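Start at 1 and go down the list; that is how both ligands and their atoms are numbered. Since the model is a prediction, treat every value here as computed from it, not as a measurement.
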Amino acid sequence: MSTVITEECINCGACEPECPNTAIYEGGAQWELNGENHPALKEDIYYIVPDKCTECVGFFDQEQCAAVCPVDCCIPDPNNPETEEALIERARRLHPDQEFAADFPSRFKKG
Ligand code: SF4
Ligand code: SF4
């Protein structure tokens with residue numbers, strides 16, 4: 001289920017423009033996928049759409065929201081871990097026009 005933003009969010013907005021998948025939205029804002037709008041998942045704090053988050057797999061070797069968050073409230077959802085394979089598949093679905101090399105960046109490859 002991707003990265004999740006916890007209640008510690010202070011609504012600074014730093015994470016939103018960093019996401020390669022536009023998976024982050026301000027509280028109360030509708031989220032969009034394939035031209036369809038959906039109701040906000042959170043009203044008071046920023047939130048991540050699980051169907052759009054790849055934990056930055058395919059783009060970076062670290063979650064970009066977590067890297068910039070001043071209060072470290074972007075964390076892997078402990079209730080629903082996903083495999084690298086599932087996440088790169090999601091990246092391919094979200095970006096059908098993009099090629100992902102075999103050695104695509106991934107937080108799973110660190111260390
Ligand atoms: Fe976006 Fe990456 Fe954060 Fe997921 S982990 S919400 S893909 S910046
Ligand atoms: Fe909230 Fe952190 Fe994003 Fe700022 S960077 S809006 S504190 S999740």
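Among all protein heavy atoms, the one lying closest to atom 7 (S) of ligand 1 is N21 ND2, 3.3 Å. The closest protein non-hydrogen atom to atom 3 (Fe) of ligand 1 is C65 SG, 2.3 Å. Ranking protein heavy atoms by distance to atom 5 (S) of ligand 1, first place goes to T3 OG1, 3.2 Å. Nearest non-hydrogen protein atom to atom 4 (Fe) of ligand 1 is C53 SG, 2.3 Å.
Listed by number with element, the atoms of ligand 1 under 4.0 angstrom from any heavy atom of T54 are 7 (S). Below 4.0 Å from some heavy atom of E63 lie the following atoms of ligand 1, by number and element: 5 (S). Residue I48 approaches ligand 1 through these ligand atoms, each under 4.0 Å from one of its heavy atoms: 6 (S). Per-residue contacts place C56 under 4.0 angstrom from the following atoms of ligand 1 (heavy atoms of the residue considered): 2 (Fe), 5 (S), 7 (S), 8 (S). Atoms of ligand 1 lying under 4.0 Å from at least one heavy atom of I24, given by number and element, are 6 (S).
Inter-residue side-chain proximity for E32 and Y25 is flagged as met; some heavy-atom pair is nearer than 4.5 Å. Side chains of I75 and V4 form a contact here, defined as non-hydrogen atoms less than 4.5 Å apart. Residues T54 and L94 have side chains in contact (heavy-atom distance under 4.5 Å, counting atoms from C-beta outward). The side-chain heavy atoms of E18 and F60, taken from C-beta on, include no pair separated by under 4.5 Å. For the pair D61/R107, no side-chain contact is recorded, criterion being any heavy-atom separation below 4.5 Å from C-beta on.
Between the CD atom of Q64 and the CD atom of E55 there is a distance of 13.0 Å, given to the nearest 0.5 Å.
Tally of protein N, O or S atoms closer to atom 4 (Fe) of ligand 2 than 2.8 Å: 1.
Using a 30° and 60° split on the angle between ring planes, W31 and H38 fall in the parallel class, below 30°.
Shown here for C15 and V68, the closest heavy-atom pair between the two residues is CA-CG2, 3.8 Å. Nearest heavy-atom pair across C56 and P20 is SG-CD, 3.9 Å.
At least one N, O or S atom of C19, from either the backbone or the side chain, sits less than 2.8 Å from atom 1 (Fe) of ligand 1.
Only side-chain heavy atoms of C74 come within less than 4.0 Å of ligand 2; its backbone N, CA, C and O stay farther off.
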- Task: Take T6 and E8 through the test side chain to side chain donor-acceptor pair (under 3.5 Å) and record every step on the way to the result.
- Result: CA-CA 5 Å; T6 72; E8 276 91 67; 3.1 Å; yes

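Y47 and I10 fall into different hydrophobic clusters, where Ile, Leu, Val, Met, Phe, Trp and Tyr side chains are chained together by heavy-atom contacts under 4.5 Å.
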